[in-house]
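Let me begin by presenting the structure, written as structure tokens, before commenting on it.
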Amino acid sequence: AGLAGYRLSHFVKSDGSLWGAGKATQNSEYGFGNGSSSVQNTPIVLATNGTVQYDWANGKFNLSAYGAHLFIKEDTKLWGWGKGTGHRFGTGSTSSITNHTYLGSVGNTQGSGWSNISSANNGTTGVKTDGTMWGWGQDRYGRHGNGSGDPFTKTYPTQVGSGNTWTKAMTTWTNSLALDTQGRVWTSGWGYWGMNGHGNSNQIDTWTQVSSLGSGCTDILLAYQTAFALKGGNVYAWGRGSDGTLGNGSSPMTQNSPVQTQISNVAKLGSNAAGRITRVGAAIKTDGTLWMWGRGNYGQLGQPGSFSHHS
């Protein structure tokens, strides 16, 4: 498994070893989690305190766009390393973490029991195995959805949303997106470009259902200023449509309610590793092929040239 973030990438081999390549640090990010500040043009095996960790297999990555790197190991424990600004690790401290560290050992009060995690620009949102949703760091534009508005900072994990029926949550620097056990999609945060999917551009600071999607959605994806939901093998998109991120052949600046993309027979949506900078949609079809659309100015779409695909 692997995941590309901002300036660097991480990989997990079948033997459970963790590898990295790219630019390790800028402004105390320590992206490799091995205390190094080097640039690696080829993948290197990563170590903690001089010892290679061979237990990263079957875990779940989240690498934020600007320096905080989070990983849920198979035992549901949350590990982190990198830049600690904005209390993004939920440890009560804004200090950087230079090595791979189990966050429960350095002050995070909810160190284990995690199902998925998402972090971007000084804020983190995640869902635990018991179905509860939690947030910490900066509640920019109300993206944590607990009515606190902007600005507000949670130094430790705080339960957000309500109940224990959440299955997945994703966050960017302005918005959050969540999915519940009934397949309903919920949003909170900045409303510009129609990011909340409610037919307007209003900012909201409480979790509100995207009612036009109904129930039965099976996956979600939150890119920079564009949101996606998977329902019945079809992908729906809303928010900023420039660069073709809506995937329906058009490029409106604002799409304030979900529209169907041109891709079908989709099994799951991609993951978003760089919440502030990625204007790309990604999906894996039932035949196992990977499809991408949106902004391609740096070759993000894996195609020759630097251009965007609208479908």
Side-chain angles (χ1 to χ4, degrees), residues 1-14 18-22 42-43 56-65 69-72 115-120 167-172 177 179 183 185 217-251 258-311:
L3 194 62
Y6 184 54
R7 306 191 188 101
L8 78 167
S9 297
H10 289 75
F11 316 90
V12 175
K13 295 183 69 174
S14 58
L18 178 65
W19 295 65
T42 57
W56 297 86
N58 302 316
K60 300 176 182 178
F61 267 121
N62 176 273
L63 280 72
S64 82
H69 311 286
L70 299 172
F71 191 101
I72 301 172
S115 175
N116 91 281
I117 200 78
S118 178
S119 182
T167 62
K168 188 174 184 179
M170 304 188 78
T171 192
T172 66
L177 182 68
L179 184 68
V185 177
C217 294
T218 55
D219 202 2
I220 54 174
L221 169 64
L222 186 57
Y224 177 49
Q225 299 167 344
T226 311
F228 304 89
L230 174 62
K231 182 177 181 178
N234 299 312
V235 179
Y236 297 83
W238 62 96
R240 184 170 178 172
S242 60
D243 300 305
T245 48
L246 296 177
N248 66 348
S250 66
S251 297
V259 293
Q260 188 172 337
T261 68
Q262 294 179 355
I263 187 172
S264 59
N265 299 316
V266 172
K268 64 177 296 184
L269 298 176
S271 60
N272 177 16
R276 186 171 179 177
I277 59 172
T278 305
R279 293 180 186 161
V280 173
I284 298 174
K285 299 187 77 168
T286 52
D287 62 5
T289 55
L290 173 64
W291 292 68
M292 301 179 72
W293 61 95
R295 192 174 191 179
N297 58 324
Y298 293 113
Q300 300 98 308
L301 303 179
Q303 299 289 324
S306 299
F307 49 84
S308 298
H309 281 271
H310 295 221
S311 59

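For this chain, numbers begin at 1 and follow the sequence in order.
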**Request:** To the nearest 0.5 angstrom, please state how far the CG atom of Leu177 sits from the OG atom of Ser118.
**Result:** 9.5 Å

**Asked** Just by modelled atom types, is the Asn248 backbone N or O under 3.5 Å from a matching donor or acceptor in the Gln262 side chain?
**Response** yes

**Fill in**
When every non-hydrogen atom of Leu246 is compared with those of Ser250, the smallest separation belongs to CD1-OG, 4.5 Å

**Request:** For the pair Thr226 (side chain) and Arg240 (backbone), establish whether a donor and an acceptor sit closer than 3.5 Å, ignoring hydrogens and angles.
**Result:** yes

**Item:** For the student: nearest non-hydrogen atoms of Ile117 and Leu70, plus distance
**Value:** CG1-CD1, 3.9 Å

**Complete:** When every non-hydrogen atom of Leu222 is compared with those of Ala227, the smallest separation belongs to CD1-CB, 3.9 Å

**Complete:** Sequence neighbours excluded, the answer for side-chain contact (heavy atoms from CB on, under 4.5 Å) partners of Ala283 is Ile263, Val266, Leu269, Trp293

**Asked** How would you list all residue pairs meeting salt bridge (Lys or Arg N to Asp or Glu O under 4.0 Å) that involve residues 218-234, not counting sequence neighbours?
**Response** Lys168-Asp219

**Request:** Please identify each residue that fulfils side-chain hydrogen bond (donor to acceptor under 3.5 Å, both in side chains) with Thr167, with sequence neighbours left out.
**Result:** none

**Asked** Counting only N and O atoms by type, is there a donor-acceptor contact under 3.5 Å from the side chain of Asp243 to the main-chain atoms of Thr245?
**Response** no

**For Phe228 against Gly281, the heavy-atom pair lying closest together** = CZ-CA, 3.9 Å

**Prompt:** Are the side chains of Cys217 and Leu179 in touch, meaning some heavy atoms are under 4.5 Å apart?
**Reply:** yes

**Prompt:** Does the Asn116 side chain pair with the main chain of Ala169, one donor and one acceptor, at a distance under 3.5 Å?
**Reply:** yes

